[in-house]
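First the structure, in the form of structure tokens, and then the observations on it.
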Amino acid sequence: EAGVAQSPRYKIIEKRQSVAFWCNPISGHATLYWYQQILGQGPKLLIQFQNNGVVDDSQLPKDRFSAERLKGVDSTLKIQPAKLEDSAVYLCASSLLSGRVTGELFFGEGSRLTVL
Amino acid sequence: AQSVTQLGSHVSVSEGALVLLRCNYSSSVPPYLFWYVQYPNQGLQLLLKYTTGATLVKGINGFEAEFKKSETSFHLTKPSAHMSDAAEYFCAVTFAGYSSASKIIFGSGTRLSIRP
């Protein structure tokens, strides 16, 4: 079974530039999550999708971050314009069950963003 | 509000020694508790989880954890450390029985180092 795919693995940009990250979850997983992991910290949830609908985006900085999951499968997270404090690893995760949360997430390898 | 605290950002043990990583949570409703492991440049992988039933749960790679409601703890242990256990470990919590809007909250992580 293929795991969660993310790209690119690494990205370096100047501040005020834009960047996009892509995630393809495990086939059949209804729930998709984007987490931000700053060095030395635990993952922080940015946005959670159930199929193609947003369940929770309360911690997404909506003035600069956007995410979509148009067909309920893969997803894109965009940052525009980037700030220095956006330097982090962006983790995508998916889970099988819709509705009840089991906490059993399957993570991709992450996309490491460096903003100079 | 729910939260999770990991005591000790870095733990170092000798190969063959006991591993003990501490996690405490706060919750007004029964929690689901998890330990995830993250190897360098990889995403997180589920080690073990507690939902209901037996309070001592066993996971992969010889790790186990015990849910102690009276102490609001879910400490991770392994009787004998191996060099391959060196990684970052995250405790996480969510709440039983809930809608897909339930958040999964991660602790700040504990980096485990193994001395030869």
Side-chain angles (χ1 to χ4, degrees), chain A residues 3-10 21 23-26 29-60 72 89-112, chain B residues 1-10 21 23 25 27 29-53 57 59-60 65 67 74 87-111:
Chain A
V4 176
Q6 288 190 247
S7 67
R9 288 293 313 277
Y10 304 94
F21 302 112
C23 172
N24 192 28
I26 292 172
H29 281 198
T31 309
L32 185 148
Y33 311 77
W34 282 103
Y35 283 87
Q36 180 192 58
Q37 186 179 20
I38 292 173
L39 187 64
Q41 299 181 20
K44 182 184 84 170
L45 180 67
L46 292 176
I47 189 167
Q48 178 181 338
F49 292 95
Q50 185 84 354
N51 298 307
N52 61 349
V54 175
V55 172
D56 184 346
D57 63 357
S58 58
Q59 297 193 87
L60 186 73
V89 176
Y90 291 86
L91 294 166
C92 180
S94 68
S95 64
L96 178 60
L97 296 179
S98 60
R100 189 185 185 98
V101 174
T102 66
E104 191 160 358
L105 306 182
F106 295 82
F107 283 84
E109 294 184 315
S111 295
R112 181 180 298 276
Chain B
Q2 54 269 28
S3 66
V4 59
T5 302
Q6 291 184 242
L7 298 176
S9 59
H10 182 211
L21 304 183
C23 173
Y25 69 91
S27 170
V29 296
Y32 283 176
L33 295 156
F34 309 85
W35 277 98
Y36 281 83
V37 60
Q38 185 177 35
Y39 297 102
N41 297 315
Q42 295 187 24
L44 282 71
Q45 176 186 3
L46 183 67
L47 262 183
L48 50 79
K49 66 177 181 181
Y50 167 78
T51 53
T52 58
V57 292
I60 61 173
F67 169 57
F74 191 58
E88 188 92 17
Y89 291 80
F90 293 93
C91 184
V93 63
T94 189
F95 304 94
Y98 322 104
S99 72
S100 56
S102 298
K103 286 185 180 179
I104 300 163
I105 298 171
F106 286 85
S108 56
T110 298
R111 182 163 62 91

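We name chains A, B, ... by the order of the sequence lines, and we start the count at 1 in each one.
With chain B as partner, the option from P43(A), G40(A), G110(A) having the largest number of non-hydrogen pairs under 4.5 angstrom is P43(A).
In this structure, no portion of Q6(A) lies under 4.5 Å from any heavy atom of chain B. Using a 4.5 Å cut-off between heavy atoms, Q38(B) contacts chain A through its side chain alone, with no backbone atom that close. Contacts of Y10(A) with chain B are made by side-chain atoms alone, with heavy-atom separations under 4.5 Å and no backbone atom involved.
Contact between Y36(B) and L105(A) at its shortest, heavy atoms only, is OH-N, 2.8 Å. For the pair Q37(A) and F90(B), the tightest heavy-atom approach, listed with the atom from each and the gap, is NE2-CZ, 3.1 Å.
Within a 6.0 Å radius of CD1 in I60(B), other residues, nucleotides and ligands contribute more than 12 heavy atoms.
To the nearest 0.5 angstrom, E104(A) atom CD is 11.0 Å from L48(B) atom CG. Atom CG of L46(B) sits about 7.5 Å away from atom CZ of F106(A), to the nearest 0.5 Å.
Within the 3.5 Å criterion, the main-chain N or O of I104(B) finds no donor-acceptor partner in the side chain of Y33(A). The closest donor-acceptor contact from the side chain of R9(A) to the backbone of N41(B) lies under 3.5 Å.
A heavy-atom distance below 4.5 Å is not found between the side chains of Y35(A) and L44(B).
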